[in-house]
*Asks:* 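What follows is a structure written as structure tokens; I'll ask about it next.
All values reported here derive from a predicted model rather than from experimental measurement. So that the names make sense, note that chain A is the first sequence line, chain B the second, and so on, each numbered from 1.
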2 protein chains.
Amino acid sequence: MSSTARGVRARARIEVTAAIKDEARRQLAEEGAAKLSLRAVARELGMASSALYRYFPSRDELLTALIIDAYDSIGAAAEAARDAASGSDPARRWTLVCEAVRVWALAHPHEYALIYGSPVPGYTAPDDTVPAAARVGHVFIGIMRAAQGDACLDRPELPPGLRPEADRMTADLAPDLPPENVTALVAAWAELFGLIGFEVFGQFNRVVEDRKAFFRHAADRLARGVGLMPPQQGEGATPARRA
Amino acid sequence: MSSTARGVRARARIEVTAAIKDEARRQLAEEGAAKLSLRAVARELGMASSALYRYFPSRDELLTALIIDAYDSIGAAAEAARDAASGSDPARRWTLVCEAVRVWALAHPHEYALIYGSPVPGYTAPDDTVPAAARVGHVFIGIMRAAQGDACLDRPELPPGLRPEADRMTADLAPDLPPENVTALVAAWAELFGLIGFEVFGQFNRVVEDRKAFFRHAADRLARGVGLMPPQQGEGATPARRA
DNA sequence: CGAAAGCAAGAGCACTGCTCTCGTCTGTGT
DNA sequence: ACACAGACGAGAGCAGTGCTCTTGCTTTCG
């Protein structure tokens, strides 16, 4: 009764599905989402284009599957960077994860465009993508948690008018973190992808040359903005606040 | 002699060109860049699709024209906000310009996607778009200049390793400003569009609710990050609140 | 075993970007 | 004033697309 023993047919289905996605991803990486053609995928796979509709009901559904995979991929890259940097202090871990996300984006520009550029299919992201999209954000939340545990988490300012929204976001995202930090984190999350997007999409052409150094500095500043403090040499006292 | 008196034909040409762009912009706003169809534009204008190629050599060229117009439009919106806020202090002017850019983006999501989302035509922005794209950035540079004149421009930190790149960018963009501020400004510029893009593209769905207030706070923090200080006090020990 | 469901293939529809050709009209130089 | 080169619009046509429908074949399961 196990799903793999369910028969030759079920096994072939997931194999063909994977083959379609692989070929589609190949074409996506080569030419971009606009040029991705169902017929071309079918042609490359040696099957009739109509047969492909047994696996994906439409081109947009195929793209949605690729979007979810891309979210998974970039999320996995972030998690791998977090795990590889588990020995470092939170501020440094933040920067390393940011850099890993940037490297992934530069290595997969078209997939990056699919998920963080204009949402191509239809226009609105299906709900399936929401959990996959949350993976990267969750890595950052984990770093903040660790920083709070190590008492190296500063608390940014928060204008009184934003307090209700900050409390709401905090309850949804990380009830164990101070709302000031959660609010700053959400902003930094968007700002990070602004930095990466500008580089991937060429907005930094003729503006920023040493992009790696520039990004690293920007990521460091983001870390400070969300309250992550570099470790103090004097181990004893933990400064409570800093502006 | 003058280009307008050059004849009925030249006049008709620019009129038809404008009509094509208008109709294309209409379809772009309604359905997005992916659905923009040359034939549909021609159909709506009552002309043969082949005739349209007398005005734009390809669909991508049409899109490029729309991109340039969109850059101009968002640039004009930023400049208008700057001019309307000429009486305010630089920090407030910064925030008002940011909010104007955000409002423009929310009002023209597909055009925003065209210029700051994934670059659709081919993949690489033609050089024609570079000067148009610089308009928004120049508004921010002007605000920094004014702040420097009013002596309310703080100087952010800059790691030594980034000094050469900072000097290079400063020479290119604003030689009269401190490199520390120019570097922070370039980063804030990208981060601003990260914030706006996340909102326009739906990444804030089920995350941020009170987006206007959230954005205002984030824009204020960006202002501080680039060195713009609120006018009265120098130290940020108390939350600077202003209605 | 036989019915039911899954699957592949082909033909076909409506649409796209783009090219080529063929008349028509316009601006201009002699 | 006239003729000619160039701009223009329209139509046909090509290759390609997403997608549907029908027709046979194979696997699964009652």
Side-chain angles (χ1 to χ4, degrees), chain A residues 1-21 23-24 26-28 30-67 114 120-123 126, chain B residues 1-21 23-24 26-28 30-67 114 120-123 126:
Chain A
M1 271 312 220
S2 102
S3 69
T4 63
R6 205 24 179 185
V8 172
R9 205 144 224 184
R11 183 170 216 86
R13 172 164 253 277
I14 67 173
E15 262 177 28
V16 175
T17 304
I20 291 171
K21 284 208 291 188
E23 176 59 27
R26 238 209 58 228
Q27 295 192 11
L28 172 66
E30 263 187 14
E31 302 263 30
K35 308 265 184 181
L36 198 166
S37 150
L38 273 187
R39 292 180 110 113
V41 171
R43 207 178 302 135
E44 209 70 21
L45 262 54
M47 60 199 302
S49 65
S50 56
L52 217 144
Y53 285 82
R54 300 260 166 207
Y55 299 88
F56 295 93
S58 78
R59 197 193 100 118
D60 282 1
E61 293 281 335
L62 212 193
L63 268 182
T64 301
L66 294 185
I67 287 175
L114 210 56
V120 194
Y123 54 100
Chain B
M1 297 278 203
S2 104
S3 67
T4 63
R6 195 91 151 117
V8 172
R9 203 146 223 182
R11 184 171 217 85
R13 172 163 252 278
I14 67 174
E15 263 177 28
V16 174
T17 305
I20 292 172
K21 285 208 292 188
E23 175 59 28
R26 238 210 57 228
Q27 294 192 13
L28 171 66
E30 263 187 14
E31 302 263 29
K35 307 267 183 180
L36 198 167
S37 151
L38 273 187
R39 290 180 110 111
V41 170
R43 208 178 302 132
E44 209 69 22
L45 263 54
M47 59 200 301
S49 66
S50 56
L52 215 146
Y53 284 83
R54 302 264 172 207
Y55 299 88
F56 295 94
S58 79
R59 197 193 101 116
D60 281 1
E61 293 282 336
L62 212 195
L63 270 181
T64 301
L66 293 184
I67 288 175
L114 210 56
V120 193
Y123 53 100

*Asks:* Is there a donor on the side chain of A/R59 or the base of D/dT17 sitting less than 3.5 Å from an acceptor on the other?
*Replies:*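 No.
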*Asks:* Whole-Å distance between C/dC18 C1' and B/E61 CD?
*Replies:*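 About 14 Å, once rounded to whole Å.
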*Asks:* Partners of B/S50 by side chain to side chain contact (heavy atoms under 4.5 Å, CB included), sequence neighbours excluded?
*Replies:*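 Per chain and number, B/S50 pairs via side chain to side chain contact (heavy atoms under 4.5 Å, CB included) with B/A48.
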*Asks:* A side-chain contact here means heavy atoms from C-beta on lying under 4.5 Å apart; do A/L38 and A/F56 qualify?
*Replies:*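 With C-beta onward as the side chain, the pair stays apart.
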*Asks:* Without decimals, in angstroms, what is the distance between B/L38 CG and D/dG9 P?
*Replies:*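 Spelled out: CG on B/L38 to P on D/dG9 is 15 Å.
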*Asks:* For B/R54, check side-chain hydrogen bond (donor to acceptor under 3.5 Å, both in side chains) against everything at least two apart and list the hits.
*Replies:*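 Not a single residue meets the side-chain hydrogen bond (donor to acceptor under 3.5 Å, both in side chains) criterion with B/R54.
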*Asks:* Between B/L52 and B/R39, is any pair of side-chain heavy atoms under 4.5 Å apart?
*Replies:*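 No, too far: nothing below the 4.5 Å cut-off.
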*Asks:* Send over the distance from A/L63 CG to D/dG18 P, rounded to a whole Å.
*Replies:*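 Atom-to-atom, A/L63 to D/dG18, this comes out as 10 Å.
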*Asks:* Looking only at side-chain atoms of A/R9, point me to the closest of D/dG18, C/dT16, C/dC7.
*Replies:*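 Selected nucleotide: C/dC7.
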*Asks:* Taking C-beta and beyond as the side chain, do B/K35 and B/E30 meet within less than 4.5 Å on heavy atoms?
*Replies:*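 No - every pair of side-chain heavy atoms lies 4.5 Å or more apart.
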*Asks:* For B/L36, which contact category applies under a 4.0 Å heavy-atom criterion: base, sugar-phosphate, or nothing?
*Replies:*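 Sugar-phosphate only.
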*Asks:* Could you tell me if the side chain of B/V16 sits less than 4.5 Å from the side chain of B/L45, heavy atoms only?
*Replies:*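 A side-chain contact is absent here, since even the closest heavy-atom pair is not under 4.5 Å.
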*Asks:* Toward the 5' end of DNA chain D, which comes first, B/R13 or B/R39, by nearest nucleotide?
*Replies:*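 Of the two residues, B/R13 wins.
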*Asks:* Using atom CD1 of B/I20 as one end and atom P of D/dC8 as the other, report the distance to the nearest whole Å.
*Replies:*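 Rounding to the nearest Å, CD1 of B/I20 and P of D/dC8 are 11 Å apart.
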*Asks:* Is there a residue in residues 44-57 of chain B whose heavy atoms reach under 4.0 Å of DNA chain D, and which residues are they?
*Replies:*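 Nucleic-acid contacts, sorted: B/M47, B/A48, B/S50, B/A51, B/R54, B/Y55.
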*Asks:* Is any side-chain nitrogen or oxygen of A/S37 closer than 4.0 Å to OP1 or OP2 of D/dG18?
*Replies:*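 Yes.
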*Asks:* For the pair made of CZ in B/R43 and C1' in D/dA10, what is the distance, rounded to whole Å?
*Replies:*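 Whole-Å distance recorded here is 15 Å.
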